[in-house]
Amino acid sequence: MKFATKAIHVGQEPEKLTGAVTVPLFQTSTYAQHEIGRHTGFEYARTQNPTRFAWEDNLAAMEGGVDAFAFGSGLAAIDALMRLLSSGDHVIMAEDMYGGTFRLAERILRRFGLDFSYVDMRDPANVANAVRPNTRMIYTETPTNPMMTITDITAISAVAKDAGCMMVVDNTFATPYAQRPLELGANIVVHSATKYLGGHSDLVSGIVTTNDEALAEQLGFIQNAAGAVPGPFDCWLLLRSAKTLAVRMDRHSSNAQRIAEFCAQHPRILATHYPGLPGHPQHELAKRQMSVFGGMISIELGSLERAVAVTNKLKLFTLAESLGGVESLVCHPVSMTHGSIPKEQRERLGVTDGLVRLSCGIEDVEDLLADVKQAVE
Ligand SMILES: *Cc1c(COP(=O)(O)O)cnc(C)c1O
């Protein structure tokens with residue numbers, strides 16, 4: 001079965017009792033049992049919920065995992081997979097990463113005895129050099145937020161394999177439609193489902209999948225034992241969103257490509273970061289591991305004053321955190337999403353006061369182009 005068919009059908013079979021073609025919303029906390037010790041297999045909704053199971057089966061099929069585990073947010077999903085580790089373990093992370101992941105690692109997980117190193121993952125040798133005897137996980141995000149840096153998943157997965165550690169990819173920006181890390185050698189994929197998987201800016205959720213049975217068993221144990229599960233309604237919305245993921249990603253990507261090409265040639269935009277541009281330093285790698293390049297673009301406007309002026313002028317791009325919805329958004333990473341990254345590190349990565357991030361929606365591209373044009377001029 002090809003991707004778009006899986007997205008619509010796996011986990012989303014017609015319901016047995018009535019034939020309803022959408023998965024019912026099981027908004028319940030518990031299930032009646034026949035007698036002591038005899039039940040339907042459903043006991044308590046933190047442990048089992050049919051709507052959540054359907055969404056987990058669906059996402060696992062889209063990513064090529066053996067199972068998936070849904071959580072109340074992307075960060076709850078990342079926190080849960082970090083619980084595969086123990087005090088004393090070391091993790092190598094990408095230095096150019098979602099700010100919240102950095103904050104979780106440094107401000108919380110470090111207190112529990114985990115150690116983190118941050119490296120530039122554009123060169124797999126940097127990752128190999130950072131491996132220590134206690135390294136148990138390599139964690140990356142690609143494309144990264146907000147610099148749109150690409151990690152070679154195949155090459156870094158080979159480093160992880162040699163080092164005997166787990167390879168984790170945050171696939172939020174690409175989605176399984178554009179990129180399937182498990183097929184490229186990763187062991188675990190995590191998503192903020194709040195973004196493209198949800199796709200309509202109406203929920204907060206996260207999910208983890210793996211192609212390793214032993215890891216799946218441990219992740220399932222953590223999901224139930226630590227308990228950061230999502231409510232069934234969010235899972236129901238995600239099942240609905242999955243049905244349009246392929247068409248949305250095609251449109252997000254074609255819109256972003258046109259907007260990035262416009263920005264790249266505009267004299268008042270100093271730099272445009274988009275993996276679909278031939279001028280992106282890792283365009284060839286992006287072409288190898290992604291089928292489309294997604295809807296995210298970062299542009300350098302040169303100063304905070306310009307960033308304020310341009311974002312104030314944009315009409316269709318709403319100034320807001322988050323990304324991946326059908327409506328276009330604009331964000332200022334330094335003041336909004338990346339405040340928790342130290343200034344010195346931020347600037348080295350290119351996350352400057354003049355950097356603005358566009359989440360290109362699926363509106364008519366001519367309207368979006370006209371909006372960007374009037375704002376930058
Ligand atoms: C938003 C985001 C997260 C965190 O997800 P939440 O759903 O906000 O908790 C993690 N990684 C990436 C790449 C993100 O964009």
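Counting starts at 1 for both ligands and their atoms, in listed order.
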- request: Show your working on side-chain hydrogen bond (donor to acceptor under 3.5 Å, both in side chains) between Gln179 and Ser291 and close with a plain yes or no.
  value: CA-CA 7 Å; Gln179 168 175 283; Ser291 60; over 6 Å; no

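- Looking at Asp234 and Arg52, no side-chain N of the basic residue comes within less than 4.0 Å of a carboxylate O on the acidic one, giving no salt bridge.
- Taking the charged nitrogens against the carboxylate oxygens, Arg258 and Glu366 do have a contact shorter than 4.0 Å, which makes a salt bridge.
- The aromatic ring centroids of Tyr196 and Tyr177 lie 6.0 Å or more from each other.
- Applying the 4.0 Å criterion to heavy atoms of Ser73 picks out, from ligand 1, the atoms 7 (O), 9 (O).
- Checking Ala193, Gly72, Gly74 against atom 6 (P) of ligand 1, the nearest heavy atom belongs to Gly74.
- Distance from atom 14 (C) of ligand 1 to its nearest protein heavy atom, with residue and atom name: Lys195 NZ, 3.0 Å.
- Counting heavy atoms under 4.0 Å from ligand 1, residue Ser205 touches it through the backbone alone.
- Geometrically, ligand 1 and Glu141 share no nitrogen or oxygen pair separated by less than 3.5 Å.
- Look at Gly324 and you'll find every heavy atom at least 4.0 Å from all atoms of ligand 1.
- Scanning all protein heavy atoms for the shortest distance to atom 9 (O) of ligand 1 gives Leu75 N, 2.9 Å.
- Looking at Thr101, Asp170, Asn145 and measuring to atom 11 (N) of ligand 1, the nearest heavy atom belongs to Asp170.
- Each of the following atoms of ligand 1 lies closer than 4.0 Å to a heavy atom of Thr172: 12 (C), 13 (C), 15 (O).
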Report all side-chain donor-acceptor pairs from residues 293-302 shorter than 3.5 Å, counting only partners two or more places apart or in another chain.
residue: Ser298; atom: OG; partner: Pro146; partner atom: O; Å: 2.4
residue: Glu300; atom: OE1; partner: Thr352; partner atom: OG1; Å: 2.5
residue: Glu300; atom: OE2; partner: Gly302; partner atom: N; Å: 2.9
residue: Glu300; atom: OE2; partner: Thr352; partner atom: OG1; Å: 3.4

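- Residues Ile188 and Val66 do not share a hydrophobic cluster, clusters being chains of Ile/Leu/Val/Met/Phe/Trp/Tyr side chains in contact below 4.5 Å.
- The protein atom (non-hydrogen) at minimum distance from atom 4 (C) of ligand 1 is Tyr98 CE2, 3.4 Å.
- Tyr98 carries Lys195 over the face of its six-membered ring, with the cationic atom under 6.0 Å from the centre and within 45° of the normal.
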